[in-house]
Amino acid sequence: MNIPMVDLKSQYLKIKDEVDARIAKVIENTEFVNGTDVKEFKKELAEYLNVKHVIPCGNGTDALQIAMMSLGLVPGDEVISSDFTFIATVETIALLKLTPVMVDVDPDTFCIDPDRIEKAITPKTKAIIPVHLFGQSCDMDRIMDIAKKHNLFVIEDTAQAIGSDFTSAKGWTKKVGTIGDIGCTSFFPSKNLGCYGDGGAIFTNNDELAEKITSIANHGMEVRYYHDRIGVNSRLDTIQAAVLRAKLPHLDNYNKARRKAADYYDKAFENCSKIKTPTRAKFSTHIFHQYTLVLNNVDRKALMEHLKSKGIASAVYYPVALHNQKAFQDFKYNSKDFPVTDKLCESVISLPMNTELDDKTLKYICDSVLEFVEKNHS
Ligand SMILES: *Cc1c(COP(=O)(O)O)cnc(C)c1O
């Protein structure tokens, strides 16, 4: 048995003819940069998300950086984000000489805890970056209310949740990434909508921000060789846009397949007191970028070894909270402020999750997990 976390090969084989033809056409037309596929993909993704503007860029990290550059923030301004996320979210804050203010997360959804956002706000706070972690939305009703009350920008990090819906208590439903001022996503191959290399995009309903973002991503230039502001060079390759155009029509089915695998896992583990299965928030669809368990008194390292010996991959997202990262030591976080993240870093484990898992494979994985957990902890 060899069961990887993601299975991009099997997924590719099902759409191979279309992907290959689209890539071949880009090469044939030598439209490598800003080609037709980039322009069409922008429109198709905007339509899918029901958002006014989609600006593609080089990767998800660039998307976050460009989004923040468009808001006119100045060094020393504080940006609030989650302590339990991939480094890119807060690395870009620090890179722009803004101050990353990390906040603990909700123990059930792993997303930023709105109560703690309120407590972290100071006169210097300018923006919040909620991260829709592992495939489900943060509590955007609460976050948007807080942002409005304190006049803060909201940049949604949607790298792990593209296609997920947030349903407001006020009655509306929107795709995550289209609720705040700006949404950012990544098309890294293993994301729910992944290309075959690096890629990313920025979304907004604000015309003025869209114009600024487009300019910043292109050397601060609207008219060729006339530069209005300091920008960067961040583009989605046409070949990547071609792949994404082939995959976007499948995204909802891909997310459905992930949910089906999650249902299987949930059921298999429901009576095991040593394993806490993922909580599904009432206000969000969960598209399971990761299927992450919280272990209760289980030797995680030994469990991972056991799974490995059975040919099953597993991973820890994330082993080190951001406040404990060496790169962030200068910010002098108070280690007592993050009890939930600290606990999660020690006790979470993610199982294989992708669009290609069948029941036989899932059964084998679940049996292998339970065999270890029950044998060692009865
Ligand atoms: C993947 C990811 C990013 C960064 O995306 P890249 O395309 O790898 O730069 C940012 N935030 C989160 C939460 C991610 O998972």
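Model, not experiment: these values are computed from the prediction. Every number for a ligand or one of its atoms is a count from 1 in the order of the listing.
The side chain of Thr85, and not its backbone, has at least one atom closer than 4.0 Å to an atom of ligand 1 (non-hydrogen atoms only; side chain from C-beta on). Proximity of Asn59 to ligand 1, defined as any heavy-atom pair under 4.0 Å, is shared by backbone and side chain alike.
For atom 13 (C) of ligand 1, the closest non-hydrogen atom on the protein side is Asp157 OD2, 3.4 Å. Given atom 4 (C) of ligand 1, the protein heavy atom at minimum distance is Thr61 OG1, 3.6 Å. The single protein non-hydrogen atom nearest to atom 3 (C) of ligand 1 is Phe86 CD2, 3.7 Å, given as residue, atom name and distance. Remark: minimum distance from atom 8 (O) of ligand 1 to any protein heavy atom is reached at Ser186 OG, 4.1 Å. Protein heavy atom closest to atom 14 (C) of ligand 1, with residue, atom name and distance, is Lys191 NZ, 3.0 Å.
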His132 vs Gln160, side chain to side chain donor-acceptor pair (under 3.5 Å): CA-CA, chis, key distance, verdict: CA-CA 6 Å; His132 305 304; Gln160 299 188 5; over 6 Å; no

Verdict with reasoning, Asn354 to Tyr254, per side chain to side chain donor-acceptor pair (under 3.5 Å): CA-CA 8 Å; Asn354 57 68; Tyr254 287 161; over 6 Å; no

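Interface of Val131 with ligand 1, defined as ligand atoms under 4.0 Å from a residue heavy atom, comprises 13 (C). Below 4.0 Å from some heavy atom of Thr89 lie the following atoms of ligand 1, by number and element: 11 (N).
Between the CD1 atom of Ile275 and the CG atom of Leu293 there is a distance of 5.5 Å, given to the nearest 0.5 Å.
Using cut-offs of 30° and 60° for the angle between ring planes, the Trp172 and Phe166 rings count as tilted.
The N/O atoms of Phe188, backbone and side chain alike, include none that comes under 3.5 Å of an N/O atom in ligand 1.
Under 3.5 Å, the side chains of Thr167 and Thr173 contain a donor-acceptor pair of N or O atoms.
The aromatic ring centres of His323 and Tyr333 sit 6.0 Å or more apart. For Phe188 and Phe86, the ring centers sit 6.0 Å or farther from each other.
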